[in-house]
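We name chains A, B, ... by the order of the sequence lines, and we start the count at 1 in each one. Just so you know, these numbers come straight off a predicted model, no measurement behind them.
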Amino acid sequence: MTLSKFFGDYLKKEPLFLNKTVFQGAYLPETIPHRDEQINQIAKILAPLLRGDKPSNIFIYGKTGTGKTMSMKYVVKSMKDALKDNAIKFIYVNCKLKRVADTEYRLMAQLAREFGKEIPSTGLPTDEVYKILFNAIEKESKPLLIVLDEIDQLVRKTGDTVLYNLTRCNEELKNAHITIVGLSNDMVFIDNIDPRAKSSLSEEELIFPPYNAIQIQDILKQRVKIAFKKNTLDPGTIEKCAAYSAREHGDARRALELLRVAGELAERDAKENITIDYIDKAEEKIERDRLLDITSTQPKQSQCILYSIIALATNKKGNIFTGEIYEHYKSLCKKTSLRPLTQRRISDVLAELDMLGIINAKIISKGRYGRSREVSLAVPNSSITNIKKTLEEELALT
DNA sequence: GTCAATTCACATGAAAGAGACCACGGTCTAGTG
DNA sequence: CTAGACCGTGGTCTCTTTCATGTGAATTGACGA
């Protein structure tokens, strides 16, 4: 088959997707199923804003994919619609985004940019940015609603002074006020912050429970209607998709991604519809891509450590401990002319790899024989060789 | 046999340093009229 | 005279080192039955 014929066939073939945008994170559906109660609560709390009064700050907790962001955006959009004149300034910031808002400075800079100020990515003192932001807010003299998504990430990295400063800002503003809505995945984090910031931030608290399988099905059905042609999905696919995600922790985002990838795979195979086994294939592909992506974007040192773990795990049965990894890593460094890091650092890197889900690390005490991390690979056997290969390329090993 | 003390091999925390990046202000240089 | 090049200073940010302190159970050893 010639290439031109292939492309010709490709064009002739009808795509499975009618509208792919419904799978994107920014997509905001008409209605948000199973979140009426939460949305109403948020709306009630924030309603005073419409009259220019200062509502309570809100702290919203819920695991990933429970619709926090979406519900919040929905409320904001509705408020905007009701208002018509831009009497309120809304700002949405995702604190997890690397190099955007994951430090105090960057958050302030990002907020100031929303007011049209040019803030360099570095070089300015933080309190200078504070002043710029403060003046900008004062000059706009509008109520300000800031939604801080993944606020736990920010606080974990930079401490709670950010929140404290932001809330304290309110006391000094004359012509405006700031309302903060914090979205968090982590419930315990709120207990570890400065009590003053805490009481100020969590004047109102909301919890988004995980979706159950039935609810995820509803969400999927709603999107599928728009996304695919009729009868593209075999019976049972939605159910399976929902079941997979509900098994985790009711992550709707994951369910949608699963469905999208399944669709893409089926389309690539020139299939007329999406069968159940494409869900499995999609799950596999997502996981494989995720692992490969993580491993190839890690810093050299982490890669080197991961390579050591893989080498040890394939050579030797049983569990691996920090000390062994460090020894192997040091010898590997000699080969690659990498400057070996201290064991202290290795300890942290192992914890990071654990967080990323590439390895399982458990701290165990071997009694008289010390205390250590017990490490094993969290990667399916089928992917190990693949990962190993990419690591060898990255590290320029033979 | 029992029980507290000891001990190992790290984990975990805090603080501080190195090096990259950048803004700002002042000084120097070269081009212009 | 002025625009741009070129410093020095001071700031953030990431990754790392240094120093200090914490930790949980196997082992040890004293003790009494």
Whole Å only: how far is the CG atom of A:Leu350 from the C1' atom of B:dT12?
14 Å
Measure CD/A:Glu374 against P/B:dA9 and give the value in whole Å, please.
17 Å
Looking at residues at least two apart in the chain, or sitting in another chain, which of them share a side-chain contact (heavy atoms from CB on, under 4.5 Å) with A:Ala227?
A:Val22, A:Phe23
Minimum heavy-atom distance between A:Leu154 and A:Glu104, given as atom pair plus value
CD1-N, 4.5 Å
About how many Å separate CZ of A:Arg35 and OG1 of A:Thr66, when rounded to the nearest 0.5 Å?
6.0 Å
Hey, what are the protein-to-nucleotides 19-21 of chain B N/O distances that come in under 3.5 Å?
none

dist A:Lys142:NZ -> A:Ile178:CD1 (nearest 0.5 Å) comes out at 14.5 Å
Enumerate, atom names and distances included, each donor-acceptor pair closer than 3.5 Å involving a side-chain atom of residues 49-62 of chain A, sequence neighbours excluded.
residue	atom	partner	partner atom	Å
A:Lys54	NZ	A:Asn57	OD1	3.3
A:Asn57	OD1	A:Ile180	N	2.8
A:Asn57	ND2	A:Ser200	O	3.0

If you compare every side-chain N and O of A:Arg373 against the phosphate oxygens of B:dA11 (OP1, OP2), does one of them come in below 4.0 Å?
yes
Within this structure, what is the CD1-to-C1' distance between A:Ile363 and B:dC8, rounded to whole angstrom?
16 Å
At under 4.0 Å between heavy atoms, what does A:Gln301 touch on the DNA or RNA strands: base, sugar-phosphate, or nothing?
sugar-phosphate
Scanning both residues in full, the closest heavy-atom pair of A:Arg223 with A:Pro29 reads NH2-CG, 3.8 Å
Any base atoms under 4.0 Å from A:Ser347, or only sugar-phosphate, or nothing? Heavy atoms, all strands.
base
Interatomic distance where CZ belongs to A:Arg371 and P belongs to B:dT12 [whole Å]
7 Å
Detail all sub-3.5 Å separations between protein N/O atoms and N/O atoms belonging to nucleotides 13-18 of chain B.
residue	atom	partner	partner atom	Å
B:dG13	N7	A:Arg344	NE	3.4
B:dG13	N7	A:Arg344	NH2	2.7
B:dG13	O6	A:Arg344	NE	2.8

Please give, in whole Å, the distance from B:dA11 P to A:Arg345 CZ?
13 Å
Expressed in angstrom and rounded to an integer, what is the separation of A:Ile346 atom CD1 from B:dA9 atom P?
19 Å
When you measure from the centre of the six-membered ring of A:Tyr278, is the NZ or CZ of A:Lys281 under 6.0 Å away and within 45° of the axis?
yes
A:Leu258 side, atom CG; A:Ile238 side, atom CD1 - distance, nearest 0.5 Å:
12.0 Å
Within the structure shown, what part of the strands sits under 4.0 Å from A:Asp127 by heavy-atom distance: base, sugar-phosphate, or nothing?
nothing
First-last contacting nucleotides on DNA chain C - partner chain A, under 4.0 angstrom, heavy atom
C:dG10 to C:dT28
Rounded to the Å, how far apart are A:Tyr105 OH and B:dA23 P?
8 Å
B:dT12 P sits how many Å from A:Asp348 CG, rounded?
9 Å
Sequence neighbours excluded, the answer for salt bridge (charged side-chain N to carboxylate O under 4.0 Å, His left out) partners of A:Glu114 is none
Is it true that, when you exclude A:Glu118 itself, more than 12 heavy atoms of the residues, nucleotides or ligands shown sit nearer than 6.0 Å to its CD?
no
Locate the shortest heavy-atom distance separating A:Phe228 from A:Leu18; write the atom from each residue and the value.
O-CD1, 3.3 Å
With no hydrogens and no angle check, is any side-chain donor or acceptor of A:Gln222 less than 3.5 Å from a backbone partner on A:Thr31?
yes
